[in-house]
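Both backbone and side-chain heavy atoms feed into the values below; hydrogens, waters and symmetry mates do not.
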Amino acid sequence: MSLRTQLKKVLPSISVTEQEALDAGDVWLEGSIYQGKPDFDALRAVPEAKLSSEEQAFLDGPVKELMAMVDDSVIQNSKHLPEHILDFLKKERFFSLIIPKEFGGLEFSPYANSTIVGTIATKSSAVAVTVMVPNSLGPGELLLHYGTKEQQAHYLPRLANGREIPCFALTSPEAGSDAGGIPDRGIVTKGMFEGKEVVGMEVTWDKRYITLAPIATVLGLAFKVEDPQGILGGKEHLGITCALIPKTHPGVELGNRHDPMGIRFYNGTTRGDKVFIPMEFIIGGQQNIGRGWQMLVSCLGAGRGISLPALGVSTSQVAFKSASEYAAVREQFGLSIGQFEGIQEKLADIAGKTYLQESMRVLTTEGLGMGLKPSVVTAIAKYHMTEVGRDVLDSAMDIQAGKAIQNGPQNTLASGYVAQPIAITVEGANILTRNLMIFGQGVMRCHPYLQSMVESIHSDDKSADKTFNKILTKTVGYSVANSFRAFGLGLLPFTAGSKSALPEVQQYEKAVHQLSARLAVYADFSLLVLGGKLKQAEMLSARLGDVMSHLYGAMASIKYYEQKVAISDRQSAAPYFHYATRWSLQKAEEALHKFLDNFPASGTRKLMRTITLQFRHKMPAISDDMVRELAKVAQQDTAFKAQLTHLVKPSPGDGHDINEQAFKAKLACLDLLAKVKKALRKKEIKAGVRFSQTLDNALAANLINATEYAQLIDYNKKREKAIRVDEFDFDMNLLDDNAQPVDKVAKVQQAS
């Protein structure tokens, strides 16, 4: 019995849905990481993402106007998204970011799309989600790639100007992450449509968690098609299919709402029982029956690589700006809290991870802007950027403490804190994304021979043994080369290559090469020893996926520092860069150690350690001095900090504006504050009950002059406003008796 025949009995074949997923996307930088040879030449050749003049004008115009209109505290205490905001989104074509200009759309780049969604999300998650859904996975993108000319001509102009509101229904109560297991069925039959008998399908479905469903006018629907009568002349089970159905079509039910964490975007259900639809409702027409899963997987890039990571980045930028400004202004025990090391540790982590988030956002959208659909990279972006966003926000909540938990117009964190778990669940729950998708897809897509080997193992072709042997020989050679490279880099780490012109980058580029080489060896041995069981060993495979992910993050950090940081800003940007890159490398190395510690075959485990010389942690550490340095620069008003928080656009009188004014006012009078505090320590003046009284005493003692007094009083008023929290009447009901939102601003007790 040949080796191929033996393997055929134990190795599972690739299912149809798995094959469609593998065929749908592109392999990009993650391929070189997996194979142990990270391609920094390809990284540096990626065109730099920049906004066009038209895209910048949209941000400076309609987006800025929208931000001034939005009061998220009012939205969150309303039943629905305000009608005037929805009308504005339609009028200004916010739903047409990805639709070509020939159909009346804006046709913006993935980078611009991400920037717009992220900017809106800093003010309101509900509005951001409302904008992002029509511009990610849904009817618009499916029509662009797969619709007939007639469907495109009819729907795309209407989607562009808001005459049609789309939703897309995939998830059912019985199938969430396992989208391929949806129970919804369309039975091929004949029926009446527009007065004529035509061939179509009788569709029954029950869907939930469908964003925009309650207000949608056109329903995108995924279901499985069956042809038990053989009307189409082929097999009975035809596969997942996508259709576009008007809301007004008889039998379509849209309307019942969910309440996702109280975030007031429209999300709900859709159902239908034996609803007859003609073949012309299928996206792309009858020829696309059974192609639905392939269509869906190929279009996941927008949601996974643009919209959801944008939500994570916006969360981080809000958290960073808010926490750093608060830490600089808020004082306890006579010092700003940003001078306490406990706060500094949290603040440095926020700052470094915000840099990492922005780096990954830029690189991922740059790849998508090249026309690529890297399914593994977009899964990495979705999982890690939403998780890091959640982590950063938790730290910011810790720093702001009581201020962070009081709802009201001035709270900049509460809405994002409540909304963040939503991004964790969309486009596949994060547990699924990490444990099954990143390495699960990566191992098949990135290994140069594995997919061909599996296909040859399960092939019934007469020459399959010969083909298998050729592939096996190449695979063995590939694995041996990986082992030699990893051993060499482990023994002589300084031999790792680096083409960066910046000395501070070179050590990290070399470290990426070293860790990537070890990853390739561990992946090879995992396949050799565990084989098909690796698919079920989710914790092991997830750790290998983590290595890929964190090395991608390190490469993104390097590219951003080299390409996006102006030479004049390098000094202030360096602490962010060092922290983010070291954190990524440490997490990658930590994942390798956890993988080895838990590998089930002890002999193989020892062999892998020996080959890669992986006996201890070798990556550059994040020291206490680095934390202090980054925390200090994070509390300064630098051009680079503004670059890292560019998505946050304060509007006059909102929480961001109040915090920023106090922060800038304090930085402008640091010398005066130091003079007053010195006089207090020397008992040259008396401290008042309130700081304003202390300033009165300083003026009376001629410690400061009238101009300086006015400046300090102005700062103190802004400081008091920034550290306060919203207050409400004792008997205030956030909704009046008619269930209409109460004007909270009128009810808030303003500080004098």
Looking at [X] and [Y], would you say the former's side chain and the latter's main chain have a donor-acceptor pair under 3.5 Å?
X: Q635; Y: G338; answer: yes
X: D26; Y: P374; answer: no
X: S516; Y: H513; answer: no
X: Q317; Y: L644; answer: yes
X: Q357; Y: G312; answer: yes
X: Q35; Y: A520; answer: no
X: S557; Y: G553; answer: no
X: E629; Y: P575; answer: no
X: Q506; Y: S500; answer: yes
X: R485; Y: G36; answer: yes

Counting heavy atoms not belonging to [X], are there more than 12 under 6.0 Å from its [atom1]?
X: Y417; atom1: OH; answer: no
X: E504; atom1: CD; answer: yes
X: K594; atom1: NZ; answer: no
X: Q643; atom1: CD; answer: yes
X: K564; atom1: NZ; answer: yes
X: F615; atom1: CZ; answer: yes

Does any part of the side chain of [Y], heavy atoms only, come nearer than 4.5 Å to the side chain of [X], both counted from C-beta?
X: I337; Y: Y326; answer: yes
X: Y111; Y: R361; answer: yes
X: L29; Y: L363; answer: yes
X: F40; Y: R44; answer: yes
X: Y552; Y: I438; answer: no
X: V476; Y: V480; answer: yes
X: I431; Y: E538; answer: no
X: V388; Y: M360; answer: no

inquiry  = Under the criterion side chain to side chain contact (heavy atoms under 4.5 Å, CB included), I'd like the reasoning laid out for Y579 against V627: C-alpha separation, chi angles, the key distance, then a yes or no.
reply    = CA-CA 8 Å; Y579 190 102; V627 167; 4.3 Å; yes
How far does [atom1] of [X] sit from [atom2] of [Y], to the nearest 0.5 angstrom?
X: I33; Y: I380; atom1: CD1; atom2: CD1; result: 6.5 Å
X: M555; Y: I558; atom1: CE; atom2: CD1; result: 7.5 Å
X: E589; Y: L519; atom1: CD; atom2: CG; result: 13.0 Å
X: L630; Y: D625; atom1: CG; atom2: CG; result: 12.5 Å
X: Q514; Y: M619; atom1: CD; atom2: CE; result: 5.0 Å
X: L311; Y: K382; atom1: CG; atom2: NZ; result: 10.5 Å

Do S584 and Y508 meet the criterion of a side-chain donor-acceptor pair at a distance under 3.5 Å?
no
Between the side chains of S322 and T412, does any donor sit under 3.5 Å from an acceptor?
yes
Plane angle bin for [Y] and [X] - parallel if under 30°, tilted between 30 and 60°, otherwise perpendicular:
X: H550; Y: W583; value: perpendicular
X: F577; Y: Y355; value: perpendicular
X: F595; Y: F599; value: tilted

Heavy-atom closest contact ([X] atom, [Y] atom, distance):
X: D524; Y: N482; answer: OD2-ND2, 2.8 Å
X: M626; Y: A621; answer: CE-O, 4.4 Å
X: K559; Y: E366; answer: NZ-OE1, 2.9 Å
X: V392; Y: A319; answer: CG1-CB, 3.6 Å
X: S541; Y: F439; answer: O-CB, 3.2 Å
X: Q400; Y: A323; answer: NE2-N, 3.6 Å

### Message
Between R518 and V547, does the side chain to side chain contact (heavy atoms under 4.5 Å, CB included) criterion hold? Intermediate values first, please.
### Response
CA-CA 10 Å; R518 296 174 206 168; V547 181; over 6 Å; no
Run the side chain to side chain contact (heavy atoms under 4.5 Å, CB included) check on R609 and H593 step by step: do they pass?
CA-CA 9 Å; R609 282 195 190 277; H593 277 287; 4.2 Å; yes
Quiz item: Is D41 salt-bridged to K499, cutoff N-O under 4.0 Å?
Solution: yes
Legend entry - Ring-face cation contact, Y383 with R304, 6.0 Å cut, 45° max: no
Under 6.0 Å from the six-membered ring centre of F663 and within 45° of its axis: does the NZ or CZ of K321 meet both? no
In sequence, state the C-alpha distance, the side-chain angles, and the governing distance for L607 and F525, and then conclude on side chain to side chain contact (heavy atoms under 4.5 Å, CB included).
-> CA-CA 10 Å; L607 179 59; F525 274 97; 3.7 Å; yes
(message) One pair to check against side chain to side chain donor-acceptor pair (under 3.5 Å): Y561 and T581. What are the steps and the verdict?
(response) CA-CA 10 Å; Y561 184 75; T581 313; over 6 Å; no
